[in-house]
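Down below is the structure, laid out as structure tokens.
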Amino acid sequence: MIKFLVRRFLEIIPVLFIVATLSFFMVRLAPGGPFSKERAIPKAVLANIERHYGLDQPLPVQYVRYMGHLLRGDLGPSYKYPTRTVNELIAQAFPVSAELGLWGLGVALLFGIPVGLVSALRVNTPADYIPMSFALFGMCLPSFVLGPMLIFVFAMTLGWVDSSGWYNWTDRILPALTLGIGGAAGLARMTRSGMLEILSQDYIRTARAKGVPEYLIVLRHALRSGLTPVLSMMGPLLADVLTGSFVVELIFQIPGLGRFFVNAAFNRDYTMVLGSVLFYAVLLLIFNLIFDVILVAINPRLKYE
Amino acid sequence: MRICGLIVFLCGAALLSGCHRPLTPVQEGNRDGILLLGNGTEPSEIDPHLTLWDTDAHIVGALFEGLVLLDPVTMQPVPATADSWTVSPDGLVYTFHIRTTARWSNGDPVTAGDFVYAERRVLSPGLGSEQAFLHYAVKNAQAFNEGKLTDFSQVGYAAPDPHTFVITLIHPVPYFLYLVAGDPPIHQATIEKFGAIDERGTRWTLPGNMVGNGPFLLKTWRVNEVLEVAKNPYYWDAANVHLNGIKFFPIESDETEERAFRSGQLHVTATMPLSKINFYRKVYPDYFHNGPLLATYYYEFNVTRPPFDKADVRRALAMAIDREAIVKTVTRGGQIPAYSLTPPHMGAYSVGPTFTEDVAEARRLLAQAGYPDGRGFPKVELIYNTSEGHRVIAEAIQQMWKKNLNIDVSLFNQETKVYMETLKSKNYQVARLGGGGGYFDPDAFLEDFTTSNESNFTGWSNAQYDDLVLKQAPYTLDPTARYALLRKAEQILIGDMPIMPIYYYTRSVLWRPEVKGWYLNLLEDHPYKYVWLDPTAAGPAKLERKQ
């Protein structure tokens, strides 16, 4: 297992290098630059600003310099928010996104897995059709529709929570539901199909023939393998929810990372684009590794190869 | 199982309903004298020399104060850090007398030297300030900014004593006081504590570091969440500042902002969704405010490409649209149809309508240009930067041109940065643009279309126009004669029609009745020292969506 972990860790380095290199050159291919504005600024002024950030140097020189800083963990200054570094902006926004993501994931797991289990165990009965229809509806309902609907009911009509902001714990409820309901729907469907497949296996039939109680069959024999597809999805899902959702952050006015991801690209804030892409890549690779380890631990058929 | 679910739901509901706060943020603000403002977007910078957008400038206006201030009602310059000033008879030398009571937020006195230091900083080539060009009318300022002159003492700024600040111009600038209003002093020791005079992005603008001379001082700044300022006890007129603080919320989505306003989280919004205008007009007219801005929405023609190299074609297109229909049925925000580049409300300057809508005449002009009834007219591309608002206007104009002139236009949208590159490289035929003037003078609009101006994307060049705008008008002291020259220039511009005016902008915003001293004005300038909250005038805590 140690060998497996070391090998996977070492694989992360070239992947990050390739991601950084590709992103560095791709973001420069986009027309316009961080300082092109609707009102043209004098060429001399633009030249001064570009000199300040080293953008007047040839691209390969800029690349070598950027990679040098990157090795030291320095993601550089943000061009859009010149007083702050990309490291500071991510450090400020990530905890917010991570908190929101964990609440959202909690909602998704809390509703998704039990509903999926019940559907699989009561397959082709109303206890299967009804939640699965809702799940399909939940998956199709985009967050920019669901969010305002929840606001309308709980903030505007009932007045239980504020419509936007990120100040006290009640501000977490509606965004977490908006983020979690779509995930719950996906998880429910995935749990159901995973469990159905396992429940038709020979070893389950054998267990039933031997008279093992149904709850033990589910908990001890079926659940472990049945949740394999769910767990393999968890790595990317976790990286995704922790790094924020642009739409949910915009609807609820949440100071998370998702807004940086999207706005940095529009602003051509090169360092912020690269910083957020690399940050996302690191999270994705680490979570994938963690869930691969968990998968092997719960599924004896898989090996650390 | 079902009972368990019901119990969980009821507990959650009880918990939620129990926890909702007794007062809305607006009610708390009314109680504490804290104004809650929607700021549109997150300020990218609050260094007065590096800000460019209104959203940033609104915050700088709370933290710094220039020599003069604009009266929120009349928009006329009134004394601020300078208590008086004189102008030499030739209009070239301005002498400002700085108040002896003016203080920085750390208690240091504000001196003329601080103003000289600020001008040296904004003009330093290394700083790359995008506002530097606004100082080019000052003697040697342009040469210093471009690095051709290194001795700042030769630039037309001087401080003969700590309370006298003298500015020498190369030609009279009738709107010069509007320029100095947005040009505050800078605290030298603070700048140099965090970096060199010409260093961008140092940490002097962060809370705890910044020293300003405005009515408020920076308290907190959390990106994408809130920027908070508190009353500055050292401000020279602190006794007349009514608010204890202001919170600026960078809410980008107008829908989110409107919901926050309705649920009692904001006193004033930065904008509002078009779809809600009718609702507020009918149900909450006291909250809805709409007024003109000093800005014009127009289309530009690339005159270097056929068929737009012919003035007749450009004029025909401009005359064949129905602006009244556009503002009434498409934009619906009270916009005013535009028949000139410079908006009305420019005081003594008025050019009046420079052309009329006339479909028959438009057809005649098109035929004269070689395209009778639109025959043989090449397929034209109209581009705009991606926005729902621009799209619907472009579609309306596309139909009007098809119906009235029988010409086909295809529409393309581009993301803003891509769009700007397209305009700069003149790789377009017809493009949307809009321009505002930062001061009450036609110059703010007309200079953009001189041959060498970086913002002239049309390729249009007219020697007489350049001469009138750049050479004759600046050296004409008599305001009437100067306006006559600029009027002539605008008539030349519109006569040749490299741009097609569509409407003059208006602004629709929401503010609560307890907000006093807040006015809609042409420059969207709201000096916060004049604003106060009157809880006795407060409306309902939350606005119901009744019809």
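The sequence lines fix the lettering, A, B, ..., with proteins before strands; numbering per chain opens at 1.
Both the backbone and the side chain of B:E225 come within less than 4.5 Å of a heavy atom of chain A. Interface remark: B:T422 contributes no atoms to any contact with chain A (heavy atom separation under 4.5 Å). Contact annotation for B:P43: only backbone heavy atoms (N, CA, C, O) come within less than 4.5 Å of a heavy atom of chain A. Contacts of A:L89 with chain B are made by side-chain atoms alone, with heavy-atom separations under 4.5 Å and no backbone atom involved. A:Y79 does not touch chain B: none of its heavy atoms, backbone or side chain, sits under 4.5 Å away. The contact between B:Q265 and chain A is made entirely by side chain atoms (from C-beta outward), counting heavy-atom distances below 4.5 Å.
For the options B:E42, B:E421, B:R259, heavy-atom pairs under 4.5 Å to chain A are most numerous at B:R259. Of the listed residues (A:E88, A:E249, A:R84, A:E50), the greatest number of heavy-atom pairs within a distance under 4.5 Å of chain B belongs to A:R84. Annotation: maximal heavy-atom pairing with chain A below 4.5 Å, among B:G264, B:P125, B:S129, occurs at B:P125.
Partner A:F94 forms a ring-ring contact (aromatic ring centres under 6.0 Å, His included) with one of A:Y280, A:F260, A:F279, A:F261 and no other, that one being A:F279.
Side-chain contact between A:N263 and B:T41 is absent, with no heavy atoms from C-beta onward closer than 4.5 Å.
Rounded to the nearest 0.5 Å, atoms CZ (A:F246) and OG (A:S143) are 11.0 Å apart. A distance of 8.5 Å separates CD1 in A:I130 from OG1 in A:T125, rounded to the nearest 0.5 Å.
Within the 6.0 Å centre-distance limit, the rings of A:Y53 and A:F35 are counted as a close aromatic pair.
The aromatic rings of B:H390 and B:Y297 lie tilted to each other, with the angle between the two planes from 30° to 60°.
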